[in-house]
Novice: 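Below you'll find the structure I mean.
All figures in this text were calculated on a predicted structure; none of them were measured in a lab.
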Amino acid sequence: MPTLFSRIINKEIPATIVYQDEQVTAFKDINPAAPIHILIVPNVEIASTNDVQPDQEQMLGHLFTVAKQVAQEQGIAATGYRLIINNGSDAGQEVFHLHMHLVGGRKLGPMLMKKD
Ligand code: 5GP
């Protein structure tokens, strides 16, 4: 069964795709947490960071060059942005198809909420 993100990558479900090549697809998050919120996703299904393999290092590194390019295109390269990868339950990962969140367009505040 393809993941939700594979269905977006294959254009079976609509999304605003801002970048796509043979390795990676980037599209707008449906529920943005900031003015710019884009998901950068490997085209191959990798459930989470726990599942990455050494032979995927080049492709995973490519996520960063795509993030840089998309940040420039979205006009937030100079003002700053945050890249987030959630892994597993404690991080709140909802979609088990590895993805990098690119968020920016406002002051993002502290990286983590401190527990009382
Ligand atoms: P996670 O919590 O797994 O790191 O992030 C999953 C992200 O996927 C969330 O920010 C959520 O808003 C986004 N998302 C969930 N379903 C869809 C969808 O159908 N389309 C798009 N574009 N984003 C989605």
Novice: Could you tell me which non-hydrogen atom of His37 sits nearest to which non-hydrogen atom of Pro32, and how far apart they are?
Specialist: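 That would be ND1-CA, 3.5 Å.
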Novice: Tell me whether Ile38 is reachable from Met100 by hopping between hydrophobic residues (I, L, V, M, F, W, Y) whose side-chain heavy atoms are closer than 4.5 Å.
Specialist: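 Linked, Met100 and Ile38 end up in one cluster.
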Novice: Same cluster for Ile9 and Ile30 if Ile/Leu/Val/Met/Phe/Trp/Tyr side chains link at under 4.5 Å?
Specialist: no
Novice: Within a strict 4.5 Å, meaning less than it, do heavy atoms of the Met59 and Pro42 side chains meet?
Specialist: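 Side-chain contact under 4.5 Å: yes.
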Novice: According to a 4.5 Å side-chain heavy-atom criterion applied to Ile, Leu, Val, Met, Phe, Trp and Tyr, with indirect links allowed, do Val66 and Phe64 form part of one hydrophobic cluster?
Specialist: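 The answer is yes; both residues are in one hydrophobic cluster.
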Novice: What heavy-atom pair brings Pro110 and Arg82 nearest, and what distance separates the two atoms?
Specialist: O-NH1, 3.6 Å
Novice: List the atom of Gly104, the atom of Ile76, and the distance in Å for their closest heavy-atom pair.
Specialist: CA-CD1, 4.0 Å
Novice: Establish, from distance only, whether the side-chain atoms of Gln20 and Lys11 form a donor-acceptor pair under 3.5 Å.
Specialist: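 Their side chains do contain a donor-acceptor pair, which is all the 3.5 Å distance test asks for.
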Novice: Under 6.0 Å between ring centres: does that hold for Phe5 and Phe27?
Specialist: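 Yes, close enough.
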Novice: Could you grab the distance from atom CG of Leu60 to atom CD1 of Ile46, nearest 0.5 Å is fine?
Specialist: 5.0 Å
Novice: Testing the basics here: between Gln93 and Ala47, what is the closest heavy-atom pair and its distance to 0.1 Å?
Specialist: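 Minimum heavy-atom separation between Gln93 and Ala47: NE2-O, 3.0 Å.
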Novice: Testing the 3.5 Å rule here: is there a donor-acceptor pair between the side chains of His62 and Asp21?
Specialist: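 Looking only at side-chain atoms, Asp21 and His62 do form a donor-acceptor pair, the distance falling under 3.5 Å.
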Novice: Indicate if Tyr81 and Val41 have the same hydrophobic cluster label, given that clusters are the connected sets of ILVMFWY residues with side-chain heavy-atom separations under 4.5 angstrom.
Specialist: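 No: no chain of side-chain contacts under 4.5 Å links Tyr81 to Val41.
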Novice: Are the side chain of Asn87 and the backbone of Thr49 linked by a donor-acceptor contact shorter than 3.5 Å?
Specialist: yes
Novice: Rounded to the nearest 0.5 Å, how far does CG of Leu39 lie from CD1 of Ile85?
Specialist: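 Between Ile85 CD1 and Leu39 CG, I get 11.5 Å after rounding to 0.5 Å.
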Novice: Less than 4.5 Å apart, side chain to side chain, heavy atoms only: is that true for Lys28 and Ile36?
Specialist: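 No, too far: nothing below the 4.5 Å cut-off.
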Novice: Please report the closest heavy-atom contact between Ala34 and Val103, naming both atoms and the distance.
Specialist: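 Residues Ala34 and Val103, closest heavy atoms: CB-CB, 4.3 Å.
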Novice: Ignoring hydrogens and geometry, is there a side-chain-to-backbone donor-acceptor pair from Asn86 to Glu94 under 3.5 Å?
Specialist: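 Side chain of Asn86 to backbone of Glu94, a donor-acceptor pair under 3.5 Å: no, none is there.
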Novice: To the nearest 0.5 Å, tell me how far Leu98 CG sits from Gln56 CD.
Specialist: 9.0 Å
Novice: Would you find a donor on one side and an acceptor on the other, under 3.5 Å apart, between the side chain of Glu12 and the backbone of Arg7?
Specialist: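 Between the backbone of Arg7 and the side chain of Glu12 there is no qualifying donor-acceptor contact (under 3.5 Å).
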Novice: Decide yes or no on side chain to side chain contact (heavy atoms under 4.5 Å, CB included) for His101 and Leu83, but give the supporting numbers first.
Specialist: CA-CA 5 Å; His101 297 252; Leu83 302 173; over 6 Å; no
Novice: Given the rule that I, L, V, M, F, W and Y join up when any side-chain heavy atoms are under 4.5 Å apart, are Leu63 and Val70 in one cluster?
Specialist: yes
Novice: Check whether any side-chain N or O of His99 sits under 3.5 Å from a backbone N or O of His97 as a donor-acceptor pair, and report yes or no.
Specialist: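 Side chain of His99 to backbone of His97: a pair is present.
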Novice: Determine the minimum heavy-atom distance between Arg106 and Ala33, stating which atoms define it.
Specialist: NH2-O, 2.8 Å
Novice: If you count every heavy atom of other residues, nucleotides or ligands that lies below 6.0 Å from Asp55 atom CG, does the total exceed 12?
Specialist: yes
